Asks: 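Supplied in C-alpha cells, the structure appears directly below.
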Amino acid sequence: MTDDTNQSKATTHEELTLELNADVAEWCPLPSRIHRRLLAAGTYQLNETTQKREGRLYIYNLNGEIKKESKLFLNCATTYDLPGIFDLKWLPDNFSGCSIQSEQQPVIAAALADGSLRLLRVISKDHESGETVEIVETARVESPEGGMALSLDYCRCHGASDINFSATGGGDENLISSYSDGNLATHRLTSTGFTTLHDWKGHDLEAWTCFI
C-alpha cells in the first residue's frame, strides 16, 4: 500500500466540452493581472462531408481569486474560426524587442491545418476586467512545401553566447515550425510579421513536435 498523505492534491474547478476536438491549451505568460488570466484553447476536426479540417480558437478569462479555497471558473471572452489548430504559443514576455507585441496587446501564434502559421493579436476592450476581447490577425506565412503546420516553438536561448545559430539565423525573435511532410522551418519575427530564414527536411515521417 502506498502512503500518499504527503502527495500534492489537484482540485478540478470546472470541466468544459467544446464543439470540436480540443487539442491544445495555453495560458498567457504576460505578467499583468489581466493577461495572466487569459487562456487560449484550440480545436481541430475533419469535416467528413466537406473534407475540410476545421478549427476554432477560444479565449477564456479565469474568474475568481486564485486561492486554495476559492472557486475558479472560465468565461469565454471570444472565439475565432480558423483551419484546424494543431498548436498555439503566446509570444513570451521576454520578446520585448519584437515590436509586434505590446504589454496591452499580447500576441499568439497558431500552427494550422492549411499549412500556415498565423499571428493573432488579442486586444482587451475592458482594461479593468479583460472580459471583452477582440482577435485580429496580423501576419501569416505559408508552409514551405505544402504540408500541414503541426507545431511551433520560440527560441529560449536568450543572450546565450555559446549557441550556434547557423541554422536559425541568430537573434532572440526566432521561431521554429514543423510540418506533416517532415519539413522544419525557422522564421524571424519582425515588425511586419514573419521572415522565413531556412527550411529543410527534418524527418521522413510527420514531424509532430519541435523545440528550440
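Keep in mind that this is a model prediction, so the values were computed, not measured.
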Asks: Let me see the working for Tyr179 and Ser177 under side chain to side chain donor-acceptor pair (under 3.5 Å), right down to the final yes or no.
Replies: CA-CA 7 Å; Tyr179 299 88; Ser177 54; 2.8 Å; yes
Asks: Residues in side-chain hydrogen bond (donor to acceptor under 3.5 Å, both in side chains) with Thr209, at least two apart?
Replies: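 Checked Thr209 against side-chain hydrogen bond (donor to acceptor under 3.5 Å, both in side chains); zero matches.
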Asks: Not counting sequence neighbours, which residues clear side-chain contact (heavy atoms from CB on, under 4.5 Å) with Ser116? List them please.
Replies: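 For Ser116, the residues satisfying side-chain contact (heavy atoms from CB on, under 4.5 Å) (neighbours in sequence not counted) are Leu112, Asp114, Arg118, Glu142.
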Asks: Rounded to the nearest 0.5 Å, what separation is found between the CG atom of Leu189 and the OG1 atom of Thr195?
Replies: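 Leu189 atom CG to Thr195 atom OG1 measures 8.5 Å (nearest 0.5 Å).
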Asks: Could you list the residues that satisfy side-chain hydrogen bond (donor to acceptor under 3.5 Å, both in side chains) with Asp181, not counting sequence neighbours?
Replies: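 Testing Asp181 for side-chain hydrogen bond (donor to acceptor under 3.5 Å, both in side chains), a comparison that skips the adjacent residues, returns Asn183.
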Asks: Applying side chain to side chain contact (heavy atoms under 4.5 Å, CB included) between Ile135 and each of Ile108, Leu57, Ile123, report the one that passes.
Replies: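 Passing option: Leu57.
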Asks: Just wondering, are more than 12 heavy atoms of other shown residues or ligands nearer than 6.0 Å to NZ in Lys201?
Replies: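 Counting other residues, nucleotides and ligands, NZ of Lys201 exceeds 12 neighbours.
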Asks: Walk me through it: do Glu137 and Tyr80 pass the test side chain to side chain contact (heavy atoms under 4.5 Å, CB included)?
Replies: CA-CA 10 Å; Glu137 183 176 327; Tyr80 191 79; 3.8 Å; yes
Asks: For the hydrophobic clusters of this structure (ILVMFWY residues joined by side-chain heavy atoms under 4.5 Å, transitively), does one cluster hold both Leu20 and Leu46?
Replies: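 No, Leu20 and Leu46 fall in different hydrophobic clusters.
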Asks: For Ala207 and Leu184, work out which heavy atoms get closest and say how close.
Replies: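 Closest pair (atom of Ala207, atom of Leu184, distance): CB-CD2, 4.4 Å.
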Asks: State yes or no: do Val24 and Leu38 share one hydrophobic cluster built from I, L, V, M, F, W and Y residues joined by side-chain heavy-atom distances below 4.5 Å, directly or via other members?
Replies: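 In one cluster with Val24: Leu38, yes.
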Asks: If I compare all heavy atoms of Pro92 with all of Pro29, which pair ends up nearest, and what's the gap?
Replies: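 Closest approach of Pro92 to Pro29, heavy atoms only: CA-CG, 4.1 Å.
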Asks: If every non-hydrogen atom of Val133 is compared with every non-hydrogen atom of Thr78, which pair is closest and at what distance?
Replies: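 Closest pair (atom of Val133, atom of Thr78, distance): CG2-CG2, 3.3 Å.
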Asks: For side chain to side chain donor-acceptor pair (under 3.5 Å), just list the numbers for Thr196 and His187, CA-CA rounded to whole Å, side-chain angles, deciding distance to a tenth of an Å, and then say yes or no.
Replies: CA-CA 4 Å; Thr196 299; His187 317 272; 3.1 Å; yes
Asks: Nearest heavy-atom pair of Leu150 and Phe86: which atoms, and what distance?
Replies: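 Looking at all heavy atoms of both residues, the closest pair is O-CB, 3.4 Å.
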Asks: For the backbone of Gly84 and the side chain of Gln45, can you confirm whether one donor and one acceptor N or O come within less than 3.5 Å of each other?
Replies: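 Checking the backbone N and O of Gly84 against the side chain of Gln45, no donor-acceptor pair under 3.5 Å is found.
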Asks: Out of curiosity, Asp153 CG to Asn174 CG, how far, rounded to the nearest 0.5 Å?
Replies: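 Answer rounded to 0.5 Å: 11.0 Å.
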Asks: Could you pull out all residues at least two apart from Asp81 that satisfy side-chain hydrogen bond (donor to acceptor under 3.5 Å, both in side chains)?
Replies: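 Expected list: Arg56.
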Asks: Please tell me whether Leu88 and Met148 are part of a single hydrophobic cluster in this structure, the criterion being side-chain heavy atoms less than 4.5 Å apart.
Replies: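 In one cluster with Leu88: Met148, no.
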Asks: Determine, using the 4.5 Å side-chain heavy-atom cutoff (strictly less than), whether Tyr60 and Trp27 are members of one ILVMFWY cluster.
Replies: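 Cluster IDs for Tyr60 and Trp27 match.
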Asks: If you compare all heavy atoms of Pro106 against all heavy atoms of Cys28, which two are closest, and at what distance to 0.1 Å?
Replies: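 Taking every non-hydrogen atom into account, CB-SG, 4.1 Å.
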Asks: How close do Ala25 and Leu39 get, heavy atom to heavy atom, and via which atoms?
Replies: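 Smallest heavy-atom distance, with atoms named: CB-CD1, 4.2 Å.
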Asks: State whether the side chain of Arg140 and the backbone N or O of Leu117 hold a donor-acceptor pair below 3.5 Å, judged by distance alone.
Replies: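 Such a contact is absent between Arg140 side chain and Leu117 backbone.
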Asks: Given Lys89 and Tyr154, is the side chain to side chain contact (heavy atoms under 4.5 Å, CB included) satisfied, shown in steps?
Replies: CA-CA 8 Å; Lys89 291 287 191 307; Tyr154 301 108; 3.4 Å; yes
Asks: About how many Å separate CZ of Phe73 and CG of Asn63, when rounded to the nearest 0.5 Å?
Replies: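 If I round to the nearest 0.5 Å, the distance is 4.0 Å.
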Asks: Run the salt bridge (Lys or Arg N to Asp or Glu O under 4.0 Å) test against Arg53 and tell me which residues pass, sequence neighbours left out.
Replies: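 Applying salt bridge (Lys or Arg N to Asp or Glu O under 4.0 Å) to Arg53 gives none.
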Asks: So how far is it from Asn75 CG to Arg37 CZ, rounded to the nearest 0.5 Å?
Replies: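 That separation rounds to 12.0 Å.
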Asks: Side-chain heavy atoms nearer than 4.5 Å, only ILVMFWY residues, links allowed to pass through others: does that put Leu16 and Tyr58 together?
Replies: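 Yes, Leu16 and Tyr58 fall within the same hydrophobic cluster.
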Asks: List for me each residue that meets side-chain hydrogen bond (donor to acceptor under 3.5 Å, both in side chains) alongside Glu26, sequence neighbours excluded, and say none if there are none.
Replies: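 Not a single residue meets the side-chain hydrogen bond (donor to acceptor under 3.5 Å, both in side chains) criterion with Glu26.
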Asks: How long is the span from the CD atom in Gln105 to the OG1 atom in Thr138, to the nearest 0.5 Å?
Replies: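 If I round to the nearest 0.5 Å, the distance is 10.0 Å.
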Asks: Calculate, to the nearest 0.5 Å, the distance between atoms CD1 and CG belonging to Ile176 and Leu152 respectively.
Replies: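 So the gap between those two atoms works out to 10.0 Å.
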